[in-house]
Amino acid sequence: WYSIAGVRVGANAGRYKSRTDSVNVGYSAGQYSGSYNVAFGYFSSQSSGSSSDFTISFGTESRRYGSNTDFIISLGYRSTFSYGSSNAIALGVETIFTGSNGSSIIAIGKSAGRDSVNSNNILIGTEAGKSHPRSSNVIIGYQAGETPSNLSSSGRNVLIGYQAGRIYCGTNSVSIGKNAGSNTMY
C-alpha cells in the first residue's frame, strides 16, 4: 500500500495510491485517491486519480470516476460521479453527475447540474440546471433552467422559480417566477 499517515477502513479502502493524510472508509473508498482527501461510502472516490487532492466525498459512488479534481465537496449518492474538474460543491443525489470542462460550480438538490459542464454556475433545486452546459448562471427552483433548447447561447442568466427558463432562457437575461422565461425571450 502507498499510504502515509492515513486511515483506511474497509476492503480495498485506500489500497493503491491513497497518499498523505487521507481518510478512506468503505469498500474500495479512495482506492486511487490523492492527498488530504476524505472518502466515506461504497466506491466513494474509488478511481479519482492520484492528482486529486483536498476532496471530501460522502455517499455511495460519490466522486467514483472523477479524476484530477481538487477542492471538491461531494455529498450524496453518485454526486460528482464522473466529474473531472475542480472547485465544486455538490449536495444531493447525482448532483454534477458528469462533466469535465467546468469549475467553480455549486449544485444543491437532486440532479442539480447533473450534466452541467461549464464554469461559474450556482444551481439550487431538484433538477435545477440539469442539462445546462453554459457558464455564469444562477439557477434556483424545481427544474429551473433544466433543458434549454438554445444550449449554444444560454449563459449569464438569473433564473429563479418553478421551471423558470426550463425550455428557453436566452443570454444575459433575468427570469423570476413560475414558468418565467419558459418560452422565447427577446
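Because the structure is predicted, anything quoted here is derived from the model rather than measured. Along the sequence shown, residues carry numbers from 1.
Tyr77 is linked by a ring-ring contact (aromatic ring centres under 6.0 Å, His included) to nothing, counting only residues two or more places apart in sequence or in another chain. For Ser44, the side chain to side chain donor-acceptor pair (under 3.5 Å) partners are Ser62, not counting sequence neighbours. For Phe71, the ring-ring contact (aromatic ring centres under 6.0 Å, His included) test picks out Phe54, with sequence neighbours left out. For Ser86, the side chain to side chain contact (heavy atoms under 4.5 Å, CB included) partners at least two apart in sequence or on another chain are Asp70. Taking the side chain to side chain contact (heavy atoms under 4.5 Å, CB included) definition, one finds that Tyr142 meets it with Thr126, Tyr162, Gln163, sequence neighbours left out. Applying the side chain to side chain contact (heavy atoms under 4.5 Å, CB included) rule to Tyr42 yields the partners Tyr27, Thr60; only residues at least two apart in sequence or on another chain are considered.
Looking at Asn172 and Arg156, their side chains do bring a donor and an acceptor atom within 3.5 Å of each other. Checking Ser103 against Asn87 by side-chain atom types alone, no donor-acceptor pair falls below 3.5 Å. Looking only at atom types and distance, the side chain of Ser82 has a donor-acceptor partner in the side chain of Thr98 under 3.5 Å away.
Among Arg63, Arg64, Gln46, the one residue that satisfies the side-chain hydrogen bond (donor to acceptor under 3.5 Å, both in side chains) test with Ser57 is Arg63. For the side chain to side chain contact (heavy atoms under 4.5 Å, CB included) with Ile139, the qualifying choice from Ile124, Leu123, Ile160 is Leu123, the only one to do so. No option in Glu146, Glu94, Glu127 other than Glu94 meets the side-chain hydrogen bond (donor to acceptor under 3.5 Å, both in side chains) test with Arg114.
Hydrophobic clustering places Ile56 together with Ile108 (ILVMFWY residues linked when any side-chain heavy atoms are closer than 4.5 Å, directly or through intermediates). Follow the hydrophobic side-chain contacts under 4.5 Å out from Ile122 and you reach Ile176 in the same cluster. A single hydrophobic cluster is seen to contain both Ile106 and Phe58, as judged by linkage of ILVMFWY side chains at heavy-atom distances under 4.5 Å, directly or through other members. One hydrophobic cluster, built from ILVMFWY side chains closer than 4.5 Å, holds both Ile89 and Phe40.
Distance check: Leu159 CG to Arg166 CZ gives 13.0 Å after rounding to the nearest 0.5 Å. Rounding to the nearest 0.5 Å gives a distance of 11.5 Å between CZ of Arg134 and OG of Ser119. Note that the CG atom of Leu91 and the OG atom of Ser79 stand 8.0 Å from one another [nearest 0.5 Å]. The distance from the CG atom of Asp21 to the CG atom of Asp53 is 11.0 Å, given to the nearest 0.5 Å. Between Asn118 atom CG and Ile105 atom CD1 the span is 7.5 Å, to the nearest 0.5 Å. Atom OH of residue Tyr83 and atom CZ of residue Phe97 lie 15.0 Å apart, to the nearest 0.5 angstrom.
Closest heavy-atom contact between Thr80 and Ala90: CG2-CB, 3.6 Å. For Asn121 against Ser135, the heavy-atom pair with the smallest separation is OD1-C, 3.7 Å. Across all non-hydrogen atoms, the minimal contact from Asn157 to Gly155 is ND2-O, 3.2 Å. Residues Gly30 and Ala39 approach most closely at N-CB, 4.0 Å, considering heavy atoms.
Checking side-chain atoms of Asn37 against main-chain N and O of Ser22 turns up no donor-acceptor pair under 3.5 Å. Of the possible polar contacts, one joining the Ser52 side chain to the Thr69 backbone as a donor-acceptor pair under 3.5 Å is found.
The shortest distance between side-chain heavy atoms of Val7 and Val9 falls below 4.5 Å.
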